[in-house]
Number of protein chains: 4
Amino acid sequence: MTLADHAAPAPRRGRWADAERNRAAIIEAAGQVFAECGGSVDVREIARRSGVGMGTLYRHFPTKDELLTTVLEQQFNAWLTDAHQQAVATEDPWQALTGFFEQLLDNQADNRAVVESYATTGGPSEYCVQRCYSLIDQVRTRCVDAGVLRPGVTTEDLFLLSGSLSQAVLTTADSHPGRWRRLLRISLDGLSSRNTEPLPEPGTAGS
Amino acid sequence: MTLADHAAPAPRRGRWADAERNRAAIIEAAGQVFAECGGSVDVREIARRSGVGMGTLYRHFPTKDELLTTVLEQQFNAWLTDAHQQAVATEDPWQALTGFFEQLLDNQADNRAVVESYATTGGPSEYCVQRCYSLIDQVRTRCVDAGVLRPGVTTEDLFLLSGSLSQAVLTTADSHPGRWRRLLRISLDGLSSRNTEPLPEPGTAGS
Amino acid sequence: MTLADHAAPAPRRGRWADAERNRAAIIEAAGQVFAECGGSVDVREIARRSGVGMGTLYRHFPTKDELLTTVLEQQFNAWLTDAHQQAVATEDPWQALTGFFEQLLDNQADNRAVVESYATTGGPSEYCVQRCYSLIDQVRTRCVDAGVLRPGVTTEDLFLLSGSLSQAVLTTADSHPGRWRRLLRISLDGLSSRNTEPLPEPGTAGS
Amino acid sequence: MTLADHAAPAPRRGRWADAERNRAAIIEAAGQVFAECGGSVDVREIARRSGVGMGTLYRHFPTKDELLTTVLEQQFNAWLTDAHQQAVATEDPWQALTGFFEQLLDNQADNRAVVESYATTGGPSEYCVQRCYSLIDQVRTRCVDAGVLRPGVTTEDLFLLSGSLSQAVLTTADSHPGRWRRLLRISLDGLSSRNTEPLPEPGTAGS
DNA sequence: TATGAATGAGGTTTCATTCAT
DNA sequence: TATGAATGAAACCTCATTCAT
C-alpha cells in the first residue's frame, strides 16, 4: 500500500473521486428536476443544475431514460429504506404498517416523475418493485400474525395502495398538503381486521 | 358510452356537417391517442388517425394543449355523466356511492393522459372539477342522510379518492385489470359509518 | 326594355351586380390590409374585412399575388390620375412638377406594400410603370420647354425619384409625417435648371 | 469589405473557436441570403449555406428575427464604418459628404432586406440609427463650417435621404446599376449652399 | 355563384445525443 | 476525463389554395 505511489494512482483516485462526485451531483440534480418538472424536462436543465457538462452527464448515463430510471430507483430505494426502518422500529404491528405508509408517502410528496413512472411501469424498476413487495410483506406478515389485518389482503393490494395514494399526495401537494393523510386513514381503516367481508377475487373483472 | 356527445346539434348547411364530423373525429382520435401514449404524442398521429389534415386539426384546436384540455374535459364529462346516471338509478345510497366510483373508474381504465392531467392540474379543468364536486356531493349527501357514511367525510375526500384510485386503475390496467376493485372495496369499507373515529384535520400535517 | 322580364335577366343582373360589388369590396379591403400589414398578410384577413368567403375571393383573383398586383395597380393608377390632374390644372410648369410629386407621394403615405413592390419589381406593374413614365414625361416636357428643368434629366430619373421618395414618405409616416417634403424640396431644387453641371452617364458605374 | 468584423476576439479553449467561426459563418450566409431573398427566406437555407445544423443556428440566434436584426446591424455597421472612413480620409468637406453617401449606398446595392427593414422599423436598430446620426452629423458639421451646405439642412434630413436613396439603389440594382448616382447628384446639388431658400418646417404638413 | 372548411407542404423551433477539443 | 457546441430529426404551427355543398 505504501508502494506504487509514483505512477498515477493519486490523480486516478482524484479522477475517481471527481467522477463519483459528479455522478452524485447529477443524480441529486436530476432528482430535483424530475420531481419538479416530470420526466419530460430538457436534459440541459439537469446538466445546468448539477454543474456538469452534457458530455459528463452522458458519460455516466448513456441515455436520458437510463438516468431517469436510475434516479427513480435511487430515490425509491431510499424512501423504502426509510419506511422500512420506521416499521422495524415500531413495536405495534398496526402502528408499523401505518408508519410505513406515512413515511413512504411523506417522502414522495411533490415528485411528479414518480407518479408518472407508477402509471407507465408499475413502479421504478423490477428490482425496486420486488424489494418493495418484500418489505411490505414483512409488515403485512406481522399484522397478519397479530390478527389485525383484514383477511385476504395481499401484498399486491398494499403495494397498489401505496401507488394509488402517491397520486393523492402529489395532487394535493401544493394546495392542501397533508390532506392525503385522511385518505390513508380511511384506507387503513378499511384494511383492519374489523372488516371481515371478503374482497373481490383478483383477476375477476365483474362486480 | 360514446364520446363527442354534444357534437352535432344541427348539421347545418354547407360543409358544416363535415366540420362537426371532423371535430368529433379529432376528439375521438385524440382521446385514443392521448390515452395510449400520454400527452406528449405527435399531433400528426392524431391527425392521421382522425383522417384529417393538420390544418383542419388546428382550425378546430388552435393549440395542442387546447386539444388535450378539450378532450380530457369531454371524456371526463362523459364519464361523470355515466357515473351520475348510475348513481341516480340506484336506490340504496351506499350502492349508489359504490356504483358511482365503479362506473367512473371503469371508464378511466387505460387512459394515461387523465392521470397525467390529475397530477398536473388537479383535474381536467376547473369547470369539470366543479361539476365533479357537485355530483359527488349529491351522492355523499344521500349517504349522510341515510347515516351510512362515516362522519366527517367531505366531498373533497371523495374527489381525492377518485383521483387516487384512477392511478391504481391505470397501473393495473394491463397486467391485472379489475384488481383495483379490491382497493375500492377497502376504501369504501373505510368510509362506512362503521368507522367512527375522526379523520385527521385537513390542513394538519401531523399524525 | 319592358319585355323579356320573366326569363332570368334580373337575377342575372343581380348576380352580376353582386359580383361587381364583391370585387370592389375585395379590392377595397385588400388595399387597406396590404397597406397596413404589407404584402405578407394572411389572405383570410382580406376575406374577413371584405366580407366575402375565400372561394369568392379566389374566384375573382386566382392567386394572392394577382390580387396584390391588381390592388397595387388600381391604387397606383388612381394616385397617378390624381397627380396628373393636379399637374394639368397647374399653369406654371415648375409648379406642375412640384404638385405632381406632392400629390403622388401624399397618397402613398403609409402604404407598405407599395414600397415593397418598388423594391422587388421596380413598380406595381409594367403597364403602370409605362403610364407613369408617360405622365411624368408630359410634365417633364413642359418644364423642359419652359427651360426650368436641369438639362439631361430624364423621365427615368424622375420616376426613380418618386420611388425613392416613397421610401422616405413611408419611413416617416408614423413618427414625422410631412418631413419628406423637405427631401422633395431638396431634390426639386437639384432638378432646377439653375444646376447646369451634367449628371453622371446612365449605365456608367464609375464616379 | 469583410463582414463579421468583431467576431473572434480571442479564439479560446475548446470548441469555442468553432463557435465563433460558426457564428461568423451564419452571419455571413444570412447576410447573403437575406440580401438575395428578403427577410422571408427559409431559415434552413441559411443553415445550409453556412454549413451548420439548425440547432447551431438557433444556439446563436434564438429567433429568426434576432438573426435578421443582428445581420442587418452588422452589415449596416460595417457599411457605416466604411463610409465614415471614406469621409474622414477626404479633405474637402463636400467631397467627404459625397463620398460618404456613395460609399454607403454602393454597399447597400442589391440587399433587399435592408430596404425592407427601413420600411418597417425606420432602420436596422436604435443603436445603429444613433451611430448613423452621429457619423452623418460629423460630415454635416464639416460642411456647415465650410459654408458649403444649404442652411437649415439637418442630420435627420441627410439620414432620411440615405434611406430614400437606398430604395433607388435597390430598385435599379438589377436593370440599371449605377443609375442611382444621378439621383444622388441631384439631391446633393439641392443640398449645396447655392440653394438658400428655406426648407419646409419639419412637422408642418402644408405646402 | 358564394361559402368557409379542408388540405398539406413548408416554416420556425426544440431537444436527445454525439464529438472535437 | 470533462466540456458544451454541434447536430438534425421531429415537433408544433401557418397559410396559400382547393373543393364539396
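Reminder, nothing fancy here: chain letters follow the sequence lines and each chain counts from 1. The shown structure was predicted, so the numbers you read here are calculated from the model rather than taken from an experiment.
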Ranking C/D65 and A/V52 by the position along DNA chain F of their nearest nucleotide, the one closer to 5' is A/V52
B/H60 side chain near E/dA6 phosphate (N/O to OP1/OP2, under 4.0 Å)
yes
B/D42 CG to E/dA16 P, in whole Å, measures 15 Å
Pairing partner of F/dT21, by Watson-Crick or G-U wobble and under 3.5 Å for both distances, is E/dA2
Q) Contact class for D/S40 (heavy atom, under 4.0 Å): base, sugar-phosphate, or nothing? A) nothing
**OP:** Please confirm whether the backbone N or O of D/V41 pairs with a side-chain atom of D/K64, one donor and one acceptor, at under 3.5 Å?
**Re:** yes
Notebook entry, point to check: Do the side-chain N or O atoms of D/N22 get closer than 4.0 angstrom to the phosphate oxygens (OP1, OP2) of F/dA6?
Noted result: yes
**Q.** N or O in side chain of C/R44 less than 4.0 angstrom from F/dA16 OP1/OP2
**A.** no
Ranking F/dT3, E/dT17, E/dT13 by distance to the side chain of D/M54, first place goes to E/dT13
Please check: side-chain N/O of A/T69 versus main-chain N/O of A/D65, any donor-acceptor pairing under 3.5 Å? yes
On DNA chain F, more 5' by nearest nucleotide between D/G55 and B/T63 is D/G55
When rounded to whole Å, the CD1 to P distance for the pair A/I46 and F/dG4 reads 16 Å
Per atom distances to the B/A19 side chain, the nearest of E/dA5, F/dT17, F/dA5 is E/dA5
Here the distance between atom P of F/dA16 and atom CG of C/L68, to the nearest Å, is 11 Å
note: C/I26, atom CD1; E/dT1, atom P; distance rounded to Å ~ 14 Å
Under a 3.5 Å limit on both distances, the Watson-Crick or wobble mate of E/dT12 is F/dA11
Separation of F/dT7 atom P from D/R48 atom CZ, nearest Å, is 14 Å
Stepwise salt bridge (charged side-chain N to carboxylate O under 4.0 Å, His left out) check, C/R49 with C/E36 | CA-CA 13 Å; C/R49 281 217 220 172; C/E36 288 174 22; 2.8 Å; yes
Residue pair A/V43/B/G53 against DNA chain E: nearer the 5' end by closest nucleotide is B/G53
- Task: Using only side-chain N and O atoms of D/T56, determine if any of them is under 4.0 Å from OP1 or OP2 of F/dA5.
- Result: no
In whole angstroms, the gap separating P of F/dT18 from CD of C/E66 amounts to 12 Å
Picking from F/dC12, F/dA5, F/dA16, the nucleotide nearest the side-chain atoms of B/K64 would be F/dC12
Go through it in stages, so that I can follow the logic: the residues are A/R48 and A/E45, the test is salt bridge (charged side-chain N to carboxylate O under 4.0 Å, His left out), and I'd like the CA-CA distance, side-chain angles, deciding distance and then a yes or no. CA-CA 5 Å; A/R48 206 172 304 127; A/E45 179 61 24; 2.6 Å; yes
- Task: Look at the side-chain N and O atoms of D/R59 and state whether any lies under 4.0 Å from the OP1 or OP2 oxygen of F/dG4.
- Result: no
For D/I46 and D/I26, the nearest pair of non-hydrogen atoms, with its separation, is CG2-O, 4.3 Å
On a heavy-atom basis, the closest approach of D/L68 and D/G39 is CD2-CA, 4.5 Å
Whole-Å distance, C/L57 CG to E/dT1 P, equals 16 Å
D/Y58 atom OH is separated from F/dA11 atom C1', nearest whole Å, by 13 Å
